[in-house]
> 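Input: one structure, supplied below.
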Amino acid sequence: MNDRILIYNERHLRSVLEVYTGHYNGHRPHRSLSQTPPDDRADPAPAGNVRVLRRTRLGGLIHEYWQVA
């Protein structure tokens, strides 16, 4: 399980922070917003027979999931 990341320099730090803030504001569910991310503009996928896709971010530190019809 990869739950840490080693930051090499300022450029790498900025890159990591950009990915993380994009995930936090654009994908991660927030309880206070009824499990939607702050920047969510997409319509929810219809319930039923759907596939789930996973995207790994920051070398496995973060995983994002999407439903695909």
> Apply side chain to side chain donor-acceptor pair (under 3.5 Å) to Arg55 and list each qualifying residue two or more places apart in sequence or on a separate chain.
Glu64
> List the atom of Ile7, the atom of Val16, and the distance in Å for their closest heavy-atom pair.
CD1-CG2, 3.9 Å
> With a 4.5 Å limit on heavy-atom distance, are the side chains of Tyr65 and Leu53 in contact?
no
> Do Arg57 and His23 have side chains that approach each other closer than 4.5 Å (heavy atoms only, starting at C-beta)?
no
> Under the side chain to side chain donor-acceptor pair (under 3.5 Å) rule, what pairs show up with a residue in residues 8-18, not counting sequence neighbours?
Glu10-Arg14
> Nearest 0.5 Å, what's the CG-OH distance between Leu58 and Tyr20?
9.5 Å
